[in-house]
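One structure is given here, and the rest of the page talks about it.
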Amino acid sequence: MFTHRLAAAAVVFLVAGIAAGQTGPQLVTVFPNGAKTGGSVEVTFTGEGFDGDEQLLFSAKGFKVEPVSGGVVTTDPTPKGKKGGAKGQSTAVKFKVTVPKEVPLGIHDVRIVSKSGLSNPRAFVVGNLTEVNETEPNNDVGQAQKIELNTTVNGVISNPIDVDYVIFKAKAGQNIVVSCSTSSIDSRLSADLLVSSGDGRVLAANRGYRSGDAVLDFKAPTDGDYLVRVAQFAYTTGGSDHFYRLTVTTGPWVDTVFPPVASDLLTFHGRNLPDAKPDPTFTRPDGRPFDVQIKPQGTSTGSIGRLATGGVVPPSAGSLDGKDDLEHPTGCLILDRQVGPCILDTDDNATPEKAQTVKVPCDIAGRIARKNDRHWYRFEAKKGDVWTIEVFADRIGSPMAPFFVVADDKGKTIARVEDSPDSLSPNQFYTKSDDPGRYRFIAAADGTYKLMVSSIEASFQAGVRDQYLIRIAPERPDFRLAVMPITPHLTDAGTLPKNGAVLFTVFAFRFDGFNDAIALTATNLPPGVKCPPQVIGVGQTRGTLVLTADADAKDWDGFVSIIGTSGTLKHEVRPFTVMWSAQGLQPNQPPPNTPMITRMDRGPGLALAIRGDAPFTLTPVEKELKAKPGNKLEITLTVTRNEKFKAGIQVFSAVPNFGPRQQGNNPPQPLTTIAADKTEAKVSVDVPANLAPGTYTLVLRGQSAAPPPKETTGRTLPAYPTIPAVPVTIVIEGKEPPKKK
């Protein structure tokens, strides 16, 4: 999803923050990336920062894990038999993973938990087909690895010119689906997939089905052998991070679920669907019709306020409420029904004169089925009526880039909307997409209004997957929240030291004029862990979350729930993680000015591990302060050092609303530096002159003032540990703006 505007993003934003975060291991690869339900497999985990006594934390319950003897070893990151494509060495640890039948099929997350803390997640798939690992040599037709139909091959494209072949037998008339999962399982491979007959005739090819994944199907013309070829598109990159899961099957593949909103009936289009009929409206690349299957779904409206999916959810989709079709996961979200009925496009509304009449509020589902399709709708509105109009496509897994036009009944354009709203972050949480922003429509007079929707790419791209949902609804002020580790450019995770604290960044999506403060609380906390009072201030789209641990807290790892509350509105916060670190940065260097690869975590909440002891603690003497815009806050910090920590401490503001503004790409300046022999410091913090009255949270963070080590191998060193202070409540005096009803 969303590939059109990333290149421009690098020149738009200034960086924020520095390379500071929690200590803990970094998980780079998991191989193989999955296992068959009911079976066992030996899995190798590679990364950095493994320090012994490693354990695994899965996002789902039921996995059984046994360490394989040998402990942590230093290893070349390239699989056996491959020529290396990655720089340097890494550490590795092996586990025997058993998958009981009660573990759900699908994609789960797995993390390393070590003495130093918690790692980032990596995908681990539970399937129902035979699983094998690729065997070398398999780089040419004559070396193709033999497999049976209905098999998944776990492999790696280890260098840019690496090519992997498999060969299998099929009978004439069998329809074979070949899928290569890459981006959907956290791989950096952009798969180029090709199938040929035994005599070398190309039968099907695909790339870019969804991000780096590739999918194709073909009908076997004769009994015989068939070859599948996997490579990196354009042979540009390769390495241990270019892993894949290649599935060759006669089983079903679902391409789309329509409409993409909770409905009484859902229509499935795909290949090899059971009890399906051909749909001549939509054809595959070889001209054959897609299978179509219609299933009743009852009257469920989904899970209002939740985003339940095993697929990849980028930050741009982090504000949506919906779910996967769990029986046939497609990578497409089915949105919750939040307004009136879902109206299906009639496909006979290509001009303003033939506009389809709809009654608002409503959802409208349609497809750009043919090139240059345009769909017109008309609705009635009274003078002064306010409606929000929003189109969902890219964010729910559709490959189209929509735009829409609002016009009066005479055809005069009121608005053309195609630009996505500004991102909530320039790097770690990049929320721009190919969907246009939500539009606030105010009817100027009683009458009929028209709405046209199409795709920017409609002149050359159309088909069964190019679907959209238009939502015309009354304003409903609300919010959604996302939480993630503080480091903007590293694969970090939440490691909470004893007698210390852990710091997260929280991003706020605000809808329909919602501008109020949002209080943060936590549930399912282990003994000894607390969530101090803290808020995201009035109108703010970014804040912080601090969790603290008592000195006698026990080692623990699991999931906690973070809740955002504002008046009667209450939502669980959605956890996200940067999946791949920026390379070649020094520990004190500002993060890159480009969007990172970030996705929503799988699991029941925010992953957290209690490990180790804090090197120092910072405790504000003041718990609450009052100030006016443009004034200064004076805070006294007391310092308690671990006996092993002898360095000075630099103190920064961890929130964007207080303290000195960062200048360009330069690292932010510390508010103060506490000398190694001092146990107390005075900190002066500027209050912005334009800060609205209300309640805010100020978090100060400390990090070692010792000179950072130099990096010469091209990899990114772990971030300096950041230890946040207990949050301070700040009340900005003045008349608060009225709350949006």
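Atoms considered below: every heavy atom in the structure, side chains included; atoms not considered: hydrogens, waters and symmetry mates. When a residue number appears, it is its place in the shown sequence, counting from 1.
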Any side-chain heavy-atom pair from [X] and [Y] closer than 4.5 angstrom?
{"X": "Asp601", "Y": "Ser59", "answer": "no"}
{"X": "Thr91", "Y": "Glu54", "answer": "no"}
{"X": "Val731", "Y": "Glu624", "answer": "yes"}
{"X": "Pro474", "Y": "Trp387", "answer": "yes"}
{"X": "Phe429", "Y": "Val578", "answer": "no"}
{"X": "Val110", "Y": "Arg602", "answer": "no"}

Minimum heavy-atom separation for [X] and [Y], please, with both atom names.
{"X": "Ile536", "Y": "Gly543", "result": "CG1-CA, 4.4 Å"}
{"X": "Glu622", "Y": "Val728", "result": "O-CG2, 3.6 Å"}
{"X": "Gly564", "Y": "Phe479", "result": "O-CZ, 3.5 Å"}
{"X": "Ser684", "Y": "Lys632", "result": "OG-CD, 3.4 Å"}
{"X": "Phe576", "Y": "Val313", "result": "CE2-O, 3.4 Å"}
{"X": "Thr487", "Y": "Asp492", "result": "OG1-OD2, 2.5 Å"}

Lys/Arg cation over aromatic Trp580: Arg122, 6.0 Å, 45° cone: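 The answer is yes, since Arg122 meets both limits relative to Trp580.
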Output yes when a side-chain donor or acceptor of [X] lies under 3.5 Å from a complementary backbone atom of [Y], and no otherwise.
{"X": "Thr565", "Y": "Lys570", "answer": "no"}
{"X": "Ser566", "Y": "Ala517", "answer": "yes"}
{"X": "Asp435", "Y": "Asp394", "answer": "yes"}
{"X": "Arg306", "Y": "Lys323", "answer": "no"}

Between Asp336 and Arg471 (salt bridge meaning N to carboxylate O under 4.0 Å), is one present in this structure?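 Here Asp336 does not pair with Arg471 in a salt bridge, since their nearest N and O are not under 4.0 Å apart.
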When you check the side-chain N and O atoms of Asn120 and Thr577, is any donor under 3.5 Å from an acceptor?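 The answer is no; no qualifying pair exists.
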Taking side chain to side chain contact (heavy atoms under 4.5 Å, CB included) as the test, write out the residues that go with Thr638, two or more places apart.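 Testing Thr638 for side chain to side chain contact (heavy atoms under 4.5 Å, CB included), a comparison that skips the adjacent residues, returns Thr619, Val621, Glu680.
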Donor-acceptor contacts, no H, no angles, side chain residues 546-562, under 3.5 Å, sequence neighbours left out:
{"residue": "Asp550", "atom": "OD1", "partner": "Lys530", "partner atom": "NZ", "Å": "3.0"}
{"residue": "Asp550", "atom": "OD2", "partner": "Lys530", "partner atom": "NZ", "Å": "3.0"}
{"residue": "Asp555", "atom": "OD1", "partner": "Lys498", "partner atom": "NZ", "Å": "2.8"}
{"residue": "Asp557", "atom": "OD2", "partner": "Arg611", "partner atom": "NH2", "Å": "3.2"}
{"residue": "Ser561", "atom": "OG", "partner": "Asn524", "partner atom": "ND2", "Å": "3.1"}
{"residue": "Ser561", "atom": "OG", "partner": "Glu572", "partner atom": "OE2", "Å": "3.3"}

What class does the angle between the rings of Phe58 and Phe124 fall in, given that below 30° is parallel, 30 to 60° is tilted and above 60° is perpendicular?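 Because their plane-to-plane angle is over 60°, the rings of Phe58 and Phe124 count as perpendicular.
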